[in-house]
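The chains referred to below are lettered A, B, ... by the order of the sequence lines, with proteins before strands, and numbering in each begins at 1. Bear in mind the structure is a predicted one, so any value in this text is a computation, not a measurement.
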Number of protein chains: 2
Amino acid sequence: MTEKKELILETALKLFAERGFDTTPTSMIAKEAGVSEGLIFRHFTNKEGLMDAILAMSEERMARHVKSIVALAEPLAKIHATIELPVKLFSEEREFWKLQFSLKWQKKYRGQSYRPSGYYLELVEVITDAFRQLGYAEPEKEVLLLVMLIDGLSNQLMQQPSEAFIEQTLSFLKSKYQLDKLKS
Amino acid sequence: MTEKKELILETALKLFAERGFDTTPTSMIAKEAGVSEGLIFRHFTNKEGLMDAILAMSEERMARHVKSIVALAEPLAKIHATIELPVKLFSEEREFWKLQFSLKWQKKYRGQSYRPSGYYLELVEVITDAFRQLGYAEPEKEVLLLVMLIDGLSNQLMQQPSEAFIEQTLSFLKSKYQLDKLKS
DNA sequence: GTCTATACGGGGATAGAC
DNA sequence: GTCTATCCCCGTATAGAC
């Protein structure tokens, strides 16, 4: 992966996340990256190839996050980490996460990288089990609820990314799940 | 409002919701509506004017829904109605709701019809009060949680719109809030 | 109010030099 | 690997007849 190719990828990721895929001309990506427009097509064939490269990159990053949650021993710790995942992603990989969320609403990419891929299903299974171990009556439904919460939290992060707000909300959420008892 | 103008509006709403604003050419709208392309511009000036008309229409519909929630007497009834709102909207006005959600992720329309407009703020206020009346310790935070839940639920409805799933989730959610009430 | 025909610009993509 | 120049289509928008 040459330096300029990498640069194109990063720039495209940022612009797609900020402005959307089809309202971002390749000319703009080239200009922003300080690169000729033709180079984009030399490296990625076409605009969609560029998006696919970004998606592949993202998939890999997500899988890594999930793996680290699954690896935790305590069921409570798993739930704790899952709640914190959106915040973690937003602080570390804001642009990517934004892009993922926007893609859900674009028909073209619905079901591609978003659709329950391996890591997502694995996470659901693991969290269901965690709830079961903690003695929740309906673990499957609890997971559904948690997924909703996480989706909603991510939306909030998009609109209101103030540090104070995030911290407040997070601790409130954790208290709901009695996660404050957890030793960090 | 002439019949064809109305038809254009409905068709555009449907197509924008399905395929997104900027991946839907005006030619397609015209064809689908069985109307000449020129007519669209005669009625709505430009493509954006068409979107604005849709948004105005939507705003009105939403305001009506909120009004009916606010009008409820019991605080618990208000909360339940709020939880049920996404489902109600999805069954009655699916296309519109879908479009609203997708718009949040398009820079152009972020902060336009989505941004906390009158009815949203009113609803938040009313629900905060409802939580307070029910004796919740931190009503403001409870509202935040509920908003998250509703966002998340809406996302779920997009991905998994099976009747059984919706009914299950909904009753689970409601039971959660009833239990909380009894606890306090 | 509605249609047909057409102008115009911009965005994706290619060719070929270096 | 990278750049410059260029092509061409398609989507928005306008003009003008009916």
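Here A/T2 reaches the OP1 or OP2 of D/dT2: one of its side-chain N or O atoms lies under 4.0 Å away.
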Please tabulate, for the side chains in residues 28-42 of chain B, all donor-acceptor contacts under 3.5 angstrom to protein atoms that are two or more places apart in sequence or on a different chain.
unit_1: B/E32; atom_1: OE2; unit_2: B/K14; atom_2: NZ; d: 2.8
unit_1: B/S36; atom_1: OG; unit_2: B/L39; atom_2: N; d: 3.4
unit_1: B/E37; atom_1: OE2; unit_2: B/T26; atom_2: OG1; d: 2.7
unit_1: B/E37; atom_1: OE2; unit_2: B/S27; atom_2: N; d: 3.4

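Summarising the geometry, the separation between CD1 on A/I40 and P on C/dG12 is reported as 9 Å, rounded to the nearest angstrom. D/dT2 atom C1' lies 14 Å from atom CD of A/E3, rounded to whole Å. Rounding to whole angstrom units, CG of residue A/L7 and P of D/dG1 are separated by 15 Å. Across the protein-nucleic acid pair, A/I29 atom CD1 and C/dG12 atom C1' stand 11 Å apart, rounded to whole Å. Rounded to whole angstrom, the span from the CG atom of A/L50 across to the P atom of C/dA13 amounts to 11 Å. For the pair A/M28 CE and C/dG11 P, the computed distance is 8 Å after rounding to whole Å. Following rounding to the nearest Å, A/R19 (CZ) and C/dG11 (C1') show an atom-to-atom distance of 13 Å. Atom P of nucleotide C/dG12 and atom CG of A/L15 are separated by 12 Å, given to the nearest angstrom.
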statement: A correct 5'-to-3' footprint of nucleotides 11-18 of chain D, with B, S and - meaning base, sugar-phosphate only and no protein heavy atom under 4.0 Å, is SBBB----
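Counting non-hydrogen atoms of neighbouring residues, nucleotides and ligands closer than 6.0 angstrom, the CD atom of A/Q133 exceeds 12 such neighbours.
Note on A/K4: only backbone sugar-phosphate atoms sit closer than 4.0 angstrom, heavy atoms only; bases stay farther off.
By the side chain to side chain donor-acceptor pair (under 3.5 Å) test, A/E140 is found to be paired with A/R132, residues two or more places apart in sequence or in another chain being considered. Scored by the salt bridge (charged side-chain N to carboxylate O under 4.0 Å, His left out) test, A/E93 finds A/R61 as partners (sequence neighbours excluded). Here B/E92 pairs with nothing under the salt bridge (charged side-chain N to carboxylate O under 4.0 Å, His left out) rule; sequence neighbours left out. Residues passing the side-chain contact (heavy atoms from CB on, under 4.5 Å) test with B/N46, sequence neighbours excluded: B/E48.
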